Peer 1: 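Shown below is the structure under consideration.
Model, not experiment: these values are computed from the prediction.
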Amino acid sequence: MKRVFTTPTGRGVLFLAGTLLCTLAFWTVLITGSQWDNLWTAQSYPESYNASRVVRLYEYYAQEVEELLQTQALQGRLDYTDQQRLSNLQKFLSPENTNYRVAIHGQDGTLHYTNLPAGESLEDCQALTLGEQVLTWGDDLVEYDYFYYDELTDKTWLVVYREDGTYLRCDPAADPSGYNAYGYRASSDGTTWSSSYWPGEDSRIHSLTYTIQSGMRWPLAVQDYFSTDYDDYQVFQTFLPAISITAILSSLAFLWCLWALCSCAGRRRGREGLVLSPLDRVPLDLLAVLAFFAFLFLFSAGDSAAYASNQTAPRMTVFVGLACFTLAGSALFLLLMSTLAVRWKAGHMLRNTLTARLFSWLRRLAAEAAANWSVARRPVKTFLLYLLGTVLTGITVILIPFYQGFVLWRLCLWFRQWSAIREGTGRIVGGDPDYKIDTSHLYRDLREHAEQLNDLGCAISSAVEERLKSERFKAELITNVSHDLKTPLTSIINYVDLLKKEDIQDPKALEYIEVLDRKSQRLKKLAEDLVEASKASTGALAVNRERLGFTQLLDQALGEYEEKFRKSGLTPVLTTPDHELYVEADGRHLWRVIDNLLGNCVKYALAGTRVYLDVKSWDGNVTLSIKNVSRDPLNLPAEQLMERFVRGDDSRTTEGSGLGLSIARSLTELQGGTFRLDIDGDLFKAVVVFPEYRDPLPLTGGPQGASG
């Protein structure tokens with residue numbers, strides 16, 4: 001079974017079958033339950049529950065007729081609305097329009113109302129009912145009253161309610177037809193009784209007890225509620241056994257589908273373990289709220305459809321609507337049961353709830369508070385002592401100001417010490433790790449914290465010192481190695497020059513000399529770059545800033561690189577403003593930055609493409625951006641490209657040393673500028689930013705040559 005129902009098709013078929021069976025079981029069980037008495041006990045319609053139910057429905061209208069008749073007898077007349085209501089009810093209950101028969105008598109046997117035609121009696125009716133009712137009238141009374149027996153007085157009292165909220169307790173035996181509210185009057189809260197009489201005849205109360213006996217004429221003679229209900233009864237009697245069997249079978253089949261669906265929930269063919277769907281990840285309490293409102297909507301819609309079945313709506317339309325609502329409810333129920341099964345298997349039934357997350361957050365908050373208790377306990381303890389001291393010193397009012405002043409002084413002292421610690425922390429973090437916080441006058445909890453900060457400052461100072469020592473060692477190593485390389489390298493270059501001046505005819509020898517010359521020059525350039533990179537990164541280079549024309553310097557650099565760009569198949573595209581832009585920088589270092597960037601384009605740009613150079617003034621800065629398409633894939637981040645000895649080609653077949661960008665960045669930052677690389681696919685972009693130099697505004701005075 002698990003193999004079949006762990007596929008999407010199998011789960012879909014099982015879910016569809018379960019939905020249909022749930023809908024069928026719901027309606028068949030509901031119909032069987034509503035007709036349970038008729039299924040086992042009723043031998044005919046007059047003996048059925050249906051007939052008694054319709055009799056009680058008509059009995060309600062008969063009671064309303066009795067109330068209107070007694071009101072008319074008491075007041076002498078009815079207003080227009082009540083008169084029309086009485087006329088319509090009498091017509092509705094006339095023997096020509098209904099099979100319902102009723103007779104209402106007073107306690108003395110007087111007949112108040114009946115719709116029995118001549119020659120008929122209630123003994124000839126079926127589904128007879130007999131009951132006793134009480135009607136109460138009075139000024140300012142609401143329609144609510146009751147009798148109760150008092151064992152102390154051995155009387156049955158009538159309790160009625162007035163619109164002003166008071167209670168009246170009266171003795172009906174004093175004057176059954178119409179008695180004053182003499183007796184006892186209840187208080188407004190209803191908890192005690194006072195012995196004062198209720199004054200005035202305007203508070204007269206009337207009560208009437210009557211019996212109502214009613215039933216159904218059988219066989220039915222006219223079309224009314226009984227005839228409609230009888231037709232439904234016959235249909236149910238015909239199909240009720242089949243419906244009952246269907247209810248049992250469909251319920252069993254639905255339970256099996258539900259079991260199979262829950263067993264296979266979260267399982268997928270070919271995958272180990274549970275597979276959670278998006279529905280299984282929704283918090284359980286949120287899902288329960290959403291499901292509650294969904295079921296509420298379906299029940300409300302179904303109730304409206306059921307009400308429409310009693311009105312003018314076509315029955316088929318109502319049945320289709322009820323079926324759709326039931327199918328939707330069944331599908332929702334199966335989804336809920338399926339996700340509950342998955343949650344149970346996964347073991348996070350209760351953990352995956354918003355409530356559990358809230359409690360977890362509160363628990364973490366409490367844990368954090370407990371972890372910080374060593375710092376916060378002194379203010380809390382001081383505050384609690386303040387409360388206790390306030391209570392104790394409250395006995396003598398004169399001590400309260402002194403005690404509160406003492407507590408305030410202690411709190412201010414604690415916060416003053418805490419402020420000193422914060423100030424010391426700022427100095428340590430701000431670049432003074434050798435600063436020590438004075439801990440001699442601090443409270444114990446604050447002293448421990450301050451000592452830890454002092455230890456942290458020492459650790460930072462040691463780390464910085466080790467880092468500087470390491471940087472100095474590397475710089476010295478690079479400088480010494482470069483210096484040691486220069487002596488033999490100079491000899492190699494000189495001897496290569498001498499060999500080039502000799503009259504050597506062998507082509508192979510000439511080729512070897514050319515290789516030696518090229519490689520020795522490259523090694524010389526590498527040694528120079530190493531020394532310059534070391535000095536630039538450590539700030540050992542001298543910087544002589546002066547006012548420089550940035551666009552003019554860039555034009556000169558492009559002029560020198562024109563031949564190199566042409567050999568590499570590159571086309572430079574320069575965009576500059578129509579006026580010169582000035583920066584304050586070292587001309588030699590700035591030239592080296594531009595030279596390294598242009599050289600980087602010549603070495604690594606894709607042949608046959610354009611190199612875009614854009615110079616602009618923006619927000620007080622002069623920005624140079626150089627963009628080109630890389631020949632080799634740029635499969636490393638921009639920050640890594642600016643590290644030493646890192647090159648864009650993994651094969652390292654170009655003439656570069658991997659130091660150009662690192663030197664350019666160091667020289668730029670040494671002159672107060674910023675250097676940035678951006679990589680988007682194979683698009684390489686270098687951005688150099690320097691603050692723009694602006695001439696100070698000339699001082700203006702009065703007109704020259706003016707005489708005083």
Peer 1: To the nearest 0.5 Å, what is the distance between OG (Ser338) and CZ (Phe333)?
Peer 2: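 Atom-to-atom, Ser338:OG and Phe333:CZ are 11.5 Å apart.
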
Peer 1: Using distance alone, with no hydrogens and no angle criterion, decide if Tyr60 and Glu64 have a side-chain donor and acceptor under 3.5 Å apart.
Peer 2: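 No, Glu64 and Tyr60 have no side-chain donor paired with an acceptor closer than 3.5 Å.
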
Peer 1: What do the steps show when you test Asn88 against Gln90 for side-chain contact (heavy atoms from CB on, under 4.5 Å), and what is the final call?
Peer 2: CA-CA 6 Å; Asn88 292 335; Gln90 288 176 336; over 6 Å; no

Peer 1: Would you please say whether a donor-acceptor pair under 3.5 Å links the side chains of Ser214 and Tyr58?
Peer 2: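 Short answer, no.
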
Peer 1: OG1 of Thr211 to NE2 of His105: how many Å apart, nearest 0.5 Å?
Peer 2: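 Result: 6.5 Å between the selected atoms.
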
Peer 1: With distance as the sole criterion, is a donor-acceptor pair present between the side chains of Asp231 and Thr228 under 3.5 Å?
Peer 2: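 Side-chain D/A pair, Asp231 to Thr228: absent.
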
Peer 1: Are there over 12 heavy-atom neighbours, none belonging to Phe92, within less than 6.0 Å of that residue's CZ?
Peer 2: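 Atom CZ in Phe92 is crowded, with more than 12 foreign heavy atoms closer than 6.0 Å.
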
Peer 1: Donor-acceptor pair, Thr32 side chain versus Thr28 backbone, under 3.5 Å?
Peer 2: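 Yes: the side chain of Thr32 pairs with the backbone of Thr28.
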
Peer 1: If the condition is side-chain contact (heavy atoms from CB on, under 4.5 Å), which residues does Leu334 pass it with, not counting sequence neighbours?
Peer 2: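 Counting only residues at least two positions away or on another chain, Leu334 forms a side-chain contact (heavy atoms from CB on, under 4.5 Å) with Phe15, Thr19, Phe254, Leu258, Leu261.
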
Peer 1: Determine, stepwise, if the pair His112 / Leu69 fulfils side-chain contact (heavy atoms from CB on, under 4.5 Å).
Peer 2: CA-CA 8 Å; His112 292 177; Leu69 289 174; 5.8 Å; no

Peer 1: Looking only at the side chains, is there a donor atom on one of Thr129 and Glu59 sitting less than 3.5 Å from an acceptor on the other?
Peer 2: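 Yes - a donor-acceptor pair under 3.5 Å links their side chains.
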
Peer 1: How many angstroms lie between atom CE of Met337 and atom CG of Leu332, to the nearest 0.5 angstrom?
Peer 2: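 CG of Leu332 is found 12.0 Å from CE of Met337.
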
Peer 1: Suppose we screen for side-chain contact (heavy atoms from CB on, under 4.5 Å). Which residues come up paired with Leu358, at least two apart in sequence or across chains?
Peer 2: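 Only Trp361, Leu362 meet the side-chain contact (heavy atoms from CB on, under 4.5 Å) criterion with Leu358.
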
Peer 1: Between Thr339 and Arg343, is a side-chain hydrogen bond (donor to acceptor under 3.5 Å, both in side chains) present by the stated rule, with each step listed?
Peer 2: CA-CA 6 Å; Thr339 187; Arg343 294 165 191 264; 3.1 Å; yes

Peer 1: Does Thr110 reach the main-chain N or O of Gly106 with its side chain, forming a donor-acceptor pair under 3.5 Å?
Peer 2: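 Such a contact is absent between Thr110 side chain and Gly106 backbone.
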
Peer 1: Decide if atom CD of Gln107 counts as having more than 12 heavy atoms of other residues, nucleotides or ligands within a radius under 6.0 Å.
Peer 2: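 Atom CD in Gln107 is crowded, with more than 12 foreign heavy atoms closer than 6.0 Å.
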
Peer 1: Return yes if some donor-acceptor pair links the side-chain N/O of Lys345 with the main-chain N/O of Ala265 below 3.5 Å, else return no.
Peer 2: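 Pair found, side chain donor or acceptor close to backbone of Ala265.
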
Peer 1: CE of Met216 to CZ of Phe226: how many Å apart, nearest 0.5 Å?
Peer 2: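 Going from CE on Met216 over to CZ on Phe226, the span is 6.0 Å.
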
Peer 1: Rounded at 0.5 Å granularity, tell me how far CG in Asn352 sits from CZ in Arg357.
Peer 2: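 One gets 5.0 Å once the value is rounded to the nearest 0.5 Å.
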
Peer 1: Passes side-chain contact (heavy atoms from CB on, under 4.5 Å), Leu284 versus Leu354? Steps please.
Peer 2: CA-CA 8 Å; Leu284 183 59; Leu354 294 178; over 6 Å; no

Peer 1: Take Asp229 and Arg53, measure what salt bridge (charged side-chain N to carboxylate O under 4.0 Å, His left out) needs, and give me the verdict at the end.
Peer 2: CA-CA 10 Å; Asp229 189 69; Arg53 177 174 54 83; 2.8 Å; yes

Peer 1: Check the side chains of Gln63 and Glu67 for a donor-acceptor pair under 3.5 angstrom, ignoring hydrogens and angles.
Peer 2: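 No, no side-chain donor-acceptor pair sits under 3.5 Å.
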
Peer 1: Could you state the interatomic distance from CD (Gln70) to CD1 (Ile104), rounded to the nearest 0.5 Å?
Peer 2: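 Gln70 CD to Ile104 CD1: 9.0 Å, rounded to 0.5 Å.
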
Peer 1: Are the side chain of Asn115 and the backbone N or O of Pro95 linked by a donor-acceptor pair below 3.5 Å?
Peer 2: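 No: the side chain of Asn115 does not pair with the backbone of Pro95.
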
Peer 1: Classify the side-chain pair Thr326/Thr23 by whether it contains a donor and acceptor separated by less than 3.5 Å.
Peer 2: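 No pair is found: no donor N or O on one side chain lies under 3.5 Å from an acceptor on the other.
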
Peer 1: Determine whether the side chains of Ser48 and Asn50 contain a donor N or O and an acceptor N or O closer than 3.5 Å.
Peer 2: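 Absent: no donor and acceptor within the cut-off.
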
Peer 1: Walk me through it: do Val342 and Leu279 pass the test side-chain contact (heavy atoms from CB on, under 4.5 Å)?
Peer 2: CA-CA 10 Å; Val342 174; Leu279 181 63; over 6 Å; no

Peer 1: Within a 6.0 Å radius of atom CG on Asp79, are there more than 12 heavy atoms belonging to other residues, nucleotides or ligands?
Peer 2: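 Result for CG/Asp79: enclosed.
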
Peer 1: Sequence neighbours excluded, which residues qualify as side-chain contact (heavy atoms from CB on, under 4.5 Å) partners of Ala221?
Peer 2: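 Ala221 satisfies side-chain contact (heavy atoms from CB on, under 4.5 Å) with Asn99, Arg217 only.
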
